[in-house]
*Asks:* 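Just dropping this structure here.
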Amino acid sequence: MQEMLEFGKRPTPSVRLHVAKFVHRELAIRYAVRIHELQRLPQWCGDIAAFHEVQNIYLESFRKLRHIPAPQDSNGVIELTNLLEDISQRHGVVLKRLAAAVHDLRKKGRISSEAHSNYLECFLDRNMTARIGTLMLTQQHLSLQPGNHQYGWVGNIQLECRPANICHTAAFYARELCEKEYGWAPEVQVHGDTDAQLAYFPAYIHYVMGELLKNAVRATMERNPKDPPPVEVEIGGGDTEVGVCVRDHGGGIPRELQEKVWQYSFTSVKQDDRLQNVLYEQDRPLLAGLGFGLPLSRLYARYFGGDIQLNSLVNRGTSAYYQMNRLGEVSEAIPEYYLRKVPLKHDWKDE
Ligand code: W6P
């Protein structure tokens with residue numbers, strides 16, 4: 001992370017070439033690994049069309065990357081830039097396709113066993129982690145190109161990012177979705193160390209806060225549709241980290257669901273047909289549905305050295321705690337044992 005910050009501050013042609021060479025090599029390797037993981041999916045995933053679609057997206061990217069030579073001069077850098085723009089555009093649907101795959105598996109009753117469910121969770125954790133890495137490499141390269149450089153930013157890192165500002169934007173977004181669904185939305189109050197700032201990826205904070213707030217306003221409306229109590233957001237700014245707490249009065253998460261909400265394959269939305277539509281539509285945002293929101297939020301938090309916890313007070317409400325490390329103080333690497341919920345050898349077995 002420190003290296004990224006140093007490189008990105010003054011993008012000279014030689015820095016661009018150096019980064020481009022690295023990205024060209026590294027992305028091909030990482031796509032190859034993802035293709036390999038999809039190819040060795042067990043038999044019970046074999047007939048799921050969405051997995052094949054995702055594999056084909058990666059295959060095309062891998063082939064195109066291998067088709068152009070490693071950049072040797074500024075023309076090579078431009079060629080790579082054009083390809084990466086194409087790649088980020090085509091990869092936009094991957095998340096939804098994977099959600100569709102999980103939905104299909106669930107409908108076919110393939111993930112009712114503990115072993116299958118663990119396998120799937122593990123596969124998705126690995127895939128999503130790898131996705132953060134490739135996305136970061138791609139976007140870092142793109143943002144270093146002439147015309148894309150912005151003062152106060154290094155790639156997608158904002159040097160003086162204020163979580164409180166992002167909380168306000170995310171609250172606006174979550175309330176808007178809530179109003180569409182329920183005709184009304186609870187107030188969202190932001191207080192505490194609202195001046196706290198850190199070098200971070202605002203896009204990831206926005207995603208995480210959006211998910212936490214969508215859940216909070218939805219629970220609040222379900223519990224108290226007439227006179228919804230406000231959702232409270234409190235910010236804490238420390239020396240090594242910044243924390244955010246989101247409190248709602250939505251009645252809390254039942255104990256038997258407290259583990260399940262972290263699973264990709266869990267969704268509280270029952271109406272299958274509504275989900276079905278959304279999975280095949282273009283970018284329509286949802287208040288609730290895919291089931292990827294919370295697990296992915298925690299993965300993002302952990303990838304950058306932070307974490308998320310949920311706590312419920314029975315019959316009252318839920319508090320979510322989200323910690324962000326000041327970047328550069330820690331490495332973004334996440335220990336592999338976090339990601340591997342089942343031992344690697346089981347990955348090879350067709351169960
Ligand atoms: C709930 C369920 C939930 C998940 C995440 C954040 C807040 C809340 N509130 O009732």
Side-chain angles (χ1 to χ4, degrees), residues 95 99 102 121 124-125 128 163-164 166-182 184-192 204-236 242-271 274-275 278 285-304 306-324:
L95 201 72
V102 172
E121 293 297 317
L124 289 167
D125 259 358
M128 294 295 145
I166 303 172
C167 289
H168 282 293
T169 326
F172 184 83
Y173 161 73
R175 295 188 71 234
E176 208 170 49
L177 289 178
C178 184
E179 278 170 20
K180 270 191 201 136
E181 186 101 1
Y182 298 96
W184 185 238
E187 193 191 337
V188 176
Q189 300 167 345
V190 181
H191 50 242
Y204 286 109
I205 304 181
H206 188 271
Y207 183 88
V208 171
M209 285 312 301
E211 288 307 318
L212 294 180
L213 286 167
K214 279 193 290 181
N215 278 291
V217 295
R218 182 165 75 114
T220 303
M221 290 309 291
E222 288 290 333
R223 174 100 170 151
N224 205 333
K226 294 228 173 65
D227 186 21
V231 169
E232 289 173 81
V233 178
E234 192 171 357
I235 318 261
V242 174
V244 182
C245 174
V246 181
R247 287 189 206 95
D248 67 58
H249 290 88
I253 307 171
R255 232 145 16 128
E256 67 272 19
L257 295 184
Q258 285 179 8
E259 286 287 320
K260 285 212 167 82
V261 298
W262 298 112
Q263 293 180 358
Y264 296 94
S265 48
F266 174 79
T267 173
S268 54
V269 175
K270 299 266 156 31
Q271 310 116 289
R274 207 192 80 179
L275 257 188
V278 171
L286 262 187
L287 189 60
L290 298 190
F292 276 33
L294 286 176
L296 207 48
S297 292
R298 191 170 69 174
L299 195 75
Y300 290 159
R302 286 179 172 176
Y303 187 89
F304 299 111
D307 208 352
I308 299 178
Q309 303 88 30
L310 286 176
N311 256 311
S312 279
L313 181 61
V314 65
N315 196 41
R316 302 299 300 173
T318 300
S319 296
Y321 289 84
Y322 170 29
Q323 297 90 28
M324 283 162 269

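Atoms within each ligand, like the ligands themselves, are counted from 1 in listed order.
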*Asks:* Between Y173 and H206, how do the two ring planes meet: parallel, tilted or perpendicular, split at 30° and 60°?
*Replies:*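 Aromatic pair Y173/H206 classed tilted.
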*Asks:* Identify the heavy atoms of S312 and T318 that sit nearest to each other, and give their distance.
*Replies:* OG-OG1, 3.1 Å
*Asks:* Heavy atoms only: give me the nearest F292-M128 pair and the separation to one decimal.
*Replies:* CE2-CE, 4.0 Å
*Asks:* Relative to the ring of Y207, is the ring of Y300 parallel (under 30°), tilted (30 to 60°) or perpendicular (over 60°)?
*Replies:* perpendicular
*Asks:* Could you pull out every N or O of ligand 1 that sits under 3.5 Å from a protein N or O, with the distance for each pair?
*Replies:*
residue	atom	partner	partner atom	Å
ligand 1	9 (N)	D248	OD2	2.7

*Asks:* Give me the atom names and distance for the closest heavy-atom approach of A174 to V217.
*Replies:* O-CG2, 4.1 Å
*Asks:* Would you name the heavy atoms of H249 and R223 that are closest together and state the gap between them?
*Replies:* O-CG, 3.7 Å
